[in-house]
Structures are given as C-alpha cells and as structure tokens.
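Just below is one structure, and these are the notes that go with it.
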Protein chains: 2
Amino acid sequence: MFSYEGSMARTAGSHSDITGPRVAQTALRLFARHGYAAVSMRQIAAEVGVQAGALYNYTADKQSLLFDLMRGHMDELLDARAAVPMLQDPVARLEGFTRFHIHFHLERLDAVFVSYMELRNLSPENFAVIEGLRRRYEDELEAILRDGVQQGLFGVADTKITTLAVIAMLTGVTTWYRAQGRLTVPEVESIYWDMIRKTVSA
Amino acid sequence: MFSYEGSMARTAGSHSDITGPRVAQTALRLFARHGYAAVSMRQIAAEVGVQAGALYNYTADKQSLLFDLMRGHMDELLDARAAVPMLQDPVARLEGFTRFHIHFHLERLDAVFVSYMELRNLSPENFAVIEGLRRRYEDELEAILRDGVQQGLFGVADTKITTLAVIAMLTGVTTWYRAQGRLTVPEVESIYWDMIRKTVSA
DNA sequence: TTCATAACTGAACATCCGTTCAGATCAAAG
DNA sequence: CTTTGATCTGAACGGATGTTCAGTTATGAA
C-alpha cells in the first residue's frame, strides 16, 4: 500500500494567468534584492511554488526574463510620460518632469533598481534596446532645457551635462526614500523641484 | 624519454609582491565589468596567469577579495579627503568638496562602480563597515551645508536630503565622463560647481 | 652548496547552474 | 463522460562553481 502525496504533473488550481505574473513579480523582487547573476532559476521557482522546469512555460530563458522586465519597465515609463499633457512654458514643463520622475520612480523601486544595475547583464542586442528607450526619455528633459535656455529662462552651461546631472539627482531619491518615512511623495517632489529650479536658474 | 613543459609547482619569476597586486587589479576590473557574482575565481586566475588555487595565497575567499577592494577604496577616499587643508568659508568648502569629489571619482571609475554596485554582495558585517565609511564621508558635506545655512549663505530646505542630492549629482559624472572626451577634468569640475552653487543658493 | 620556505600546479571535492523533456495530472470545452 | 490541451513534475544533461590540499619547484638566505 503506497500513497504518493507529491504528484508528477499539473497541480490543482494551476493557471497561467496566475503563475505568469507571479513569476515576473518574484523574479523582479529577487533580481532587485540579490542581483541577476546571484539569483538562480530554482530560487525563483521555489518562491513561486513550482519546480524550475515550469518557469520555461513563461520565459524562453533567464536572459529573456530579465530583458522582459526591463523592457516592460521602460515601456511603462514612456507610456506614463506620454499620457501627461504637454505644456508650453519650459519652467512648467521642467517642474512637471521633475514631479513625474520622482513619483513614478518611487512607486517602482525594484524595477528602477533592476533597470539600472542589471544593464551589464543584458546581451548586446537587448542592451541596445533598453539604452534606446532610456535615451528617448532623457531627450525630453534635454529639449526642455534647450527651450528654456533659448528663451532666456534657464542658465545652463552645457545642456547635455545638465540633463544627466538632473536625472542623476532625481533618480538618487530612490536610494533613501522609504514610504514609512517622515515625508510624503508630494513633499519630496517639492523639495527636489526647489533644488532643480535653482540648479538651472539664469 | 618524457618531457613535461607544464610544471606542477612554483613558476619562474613568481613573487607575491607582483602577483598580489595583479590579483587585486584584475579582480577590480572584472568585478566592475561583469559584476561580482558573474565573475569566477578561475576567470580572475586566468587573467592573472595562474591557476585558481593560487589566488588563495592572496585572499581567504572571494568575499574577502571584494571586501578588501571596497575597504581599500573607502580608506583611500577618506585619507585623500583628510589630506586637503580645512577651510573656513562654507562656500569655499563646498567648492573644494565638489572639485575633490569629481576628480577623485573620475580617477577611479572601476573602484567607484564596484563600491556602489556590489554593496548587496557584501556579508552583513562587511556591509556595515563600508556603510559606516561612506556615512563618514557624507557627513562632511552635511556639515558644510549646515554651517552655510546657519551663516545665511545657503538656502536649503532639508540638509540631509540636499546632501544626498548633491552626492548623487556629483557621482553621476562617472556614468558619462570619459578621459578622451571633449572636456578636461577641471572643466567638468567647474560646470558641476556652477550647478551645485546655484542648487544650494539662498 | 644546502636548505627552509615562498609560490604555484593539478586534481579533486561536493554542490550548484540553466535548460530540456517525457510523462503525469488537471481544467475546461464539447 | 470524453477528449483535448494547458500546466507542472521529476529526473537528467553537461558543465561551472568556490575551495582545499598534497606535491613540486623556484627563490633567497645561510
């Protein structure tokens, strides 16, 4: 009389609409926490609650898993940005960009972390894609600064460098902000906007 | 009659004063390029020109290799900073800090990259040590800002946040600056100082 | 020239890695 | 109830991982 508790096949209640997103969420969290190279497919599978082989119903390989997460993040970023109505005044546009950048990134700490730290773990072709999307996002900021300079509203020595400096300052908020801290997101936005406003002032 | 070209022991010309530094340099370069977790002891050994086992004459284990590199970098940072004569005027101190930070970091791109990206690969005890050193460095900037605010020279809403924002902006220079570019290091220093000066202006 | 020791090799250890796949079981449609 | 396809298991693949160590040779001092 033998009884096998562990089955060797499809498990009760299993459904790709549930497992699929769980694979992505779990991979994102583990990649953010420990790094892509340090996380094994078996670890991801264990946290999802399946065997490692089952992951390959949802991704072609580990590299695609990383790339799809980063690609999805960048698409979300550009889509969300495009959904904001375009303004005219460079100062208002810069304030809008600043506030958008901060709250968008603070709501996606894991994705931001992975999208920056794991660039070197992308294959060359995948890297080129992500890099292109990132560039597209930064180009808007550069355009804002250029327009502001042209209209005599901003005092910026080098537009390209200032673009990267502003992005670096803004993204840096993700290293210290925690939701349970003393400041709300809008308060943080205002503090950074005050700094950025002065940084580019004439 | 047999002849063995490959020896099984100490190689001609081998000396720890030469191999030791080469191990450290090679590990730093590979960790910066591919990440700690993605680099194997055998890869490091191959680039140094020894077998993997020989590395253990120079480090207790892989974790110590990483920690010693980061620890060495932070010590260098604090020592180099301490060697600069202390000034009185907060504005002059902030300019000095800005210029120091930029050229020190631009001269050590690999070490900067590793010291930031590989924090999560440190054991908890090692992490605490590095974190403490980093905090000590940032504390000087915070003191400068606090003094400047007290003397009415700076207009800063939140000293702690501004400290981190300034550091983030400054360190961001390492992501784009390359030695063969169009700007010299002093020129880059001046551009960033101009931005920082305005960022904290009253 | 002798000899201690510094420096390294080569092999081995147990364990982990990403990925594949035949087969088993479940879910859902007919 | 039957059937089809979706979902997962468990085992296996070849190879890589960090680390240890007995043995071997070069070095440099005595």
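Below, all heavy atoms of this structure are taken into account, side chains as well, without hydrogens, waters or symmetry copies. Sequence lines set the chain letters: A, B, ... in the order given, protein chains first and strands last, and positions in each chain run from 1. This structure is a prediction, so every number in the text was calculated from the model and none was measured.
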Test item: B:Gln63 side-chain N/O and B:Asn121 main-chain N/O as donor-acceptor pair under 3.5 Å:
yes

A:Tyr56 OH to C:dC21 P: how many Å, rounded?
12 Å

Mapping B:Asp61 and B:Gly13 to their closest nucleotides on DNA chain D, which lands nearer the 5' end?
B:Asp61

Looking at the rings of B:Tyr137 and B:Phe97, which for Trp means the six-membered one, are their centres under 6.0 Å apart?
yes

With 3.5 Å as the limit, what N/O pairs link the protein to nucleotides 12-16 of chain D?
from	atom 1	to	atom 2	distance (Å)
D:dA12	N6	A:Arg42	NH2	3.3

Please test B:Thr199 against A:Thr199 for side chain to side chain donor-acceptor pair (under 3.5 Å), starting from the C-alpha separation and ending with a verdict.
CA-CA 5 Å; B:Thr199 303; A:Thr199 303; 2.7 Å; yes

Can you check the A:Leu65 CG to C:dG18 C1' distance for me, whole Å?
12 Å

Expressed in angstrom and rounded to an integer, what is the separation of A:Asn121 atom CG from C:dG18 atom P?
12 Å

Rounded to the nearest angstrom, tell me the gap between atom CG in B:Leu55 and atom P in D:dT17.
13 Å

Please state whether the rings of B:His103 and B:Phe100 are parallel, tilted or perpendicular, taking 30° and 60° as the class boundaries.
perpendicular

Considering only heavy atoms from C-beta outward, does the side chain of B:Phe154 approach that of B:Leu145 to under 4.5 Å?
yes

Among B:Leu109, B:Val185, B:Ile102, exactly one meets side chain to side chain contact (heavy atoms under 4.5 Å, CB included) together with B:Tyr177. Which residue is that?
B:Val185

Under 4.0 Å between any heavy atoms, over every strand shown, what does B:Val48 touch: base, sugar-phosphate, or nothing? Just pick one.
nothing

What integer distance in Å separates B:Gln51:CD from D:dC21:C1'?
15 Å

Distances under 3.5 Å between protein N/O atoms and the N/O atoms of nucleotides 4-7 of chain D, please, pair by pair.
from	atom 1	to	atom 2	distance (Å)
D:dA6	N3	A:Arg10	NH1	2.9
D:dT7	OP1	A:Ser16	N	2.9
D:dT7	OP1	A:Ser16	OG	2.5
D:dT7	O4'	A:Arg10	NE	3.4
D:dT7	O3'	A:Ser14	OG	3.3
D:dT7	O2	A:Arg10	N	3.4

Applying a 4.0 Å non-hydrogen cut-off, can you work out what A:Ala54 is touching in the nucleic acid: base, sugar-phosphate, or nothing?
base

Cationic tip of A:Arg108 within the cone over A:Phe104's six-membered ring, i.e. under 6.0 Å and within 45° of the normal?
yes

Given side chains that start at C-beta, do those of B:Leu119 and B:Met70 come closer than 4.5 Å, heavy atoms only?
yes

More 5' along DNA chain D: B:Gln63 or A:Val50, using each one's nearest nucleotide?
A:Val50

Figure out the NE2/P separation between A:His34 and C:dC17, and round it to whole Å.
12 Å

Tell me whether A:Ser190 contacts the main-chain N or O of A:Pro186 through its side chain, where contact means a donor paired with an acceptor under 3.5 Å.
yes

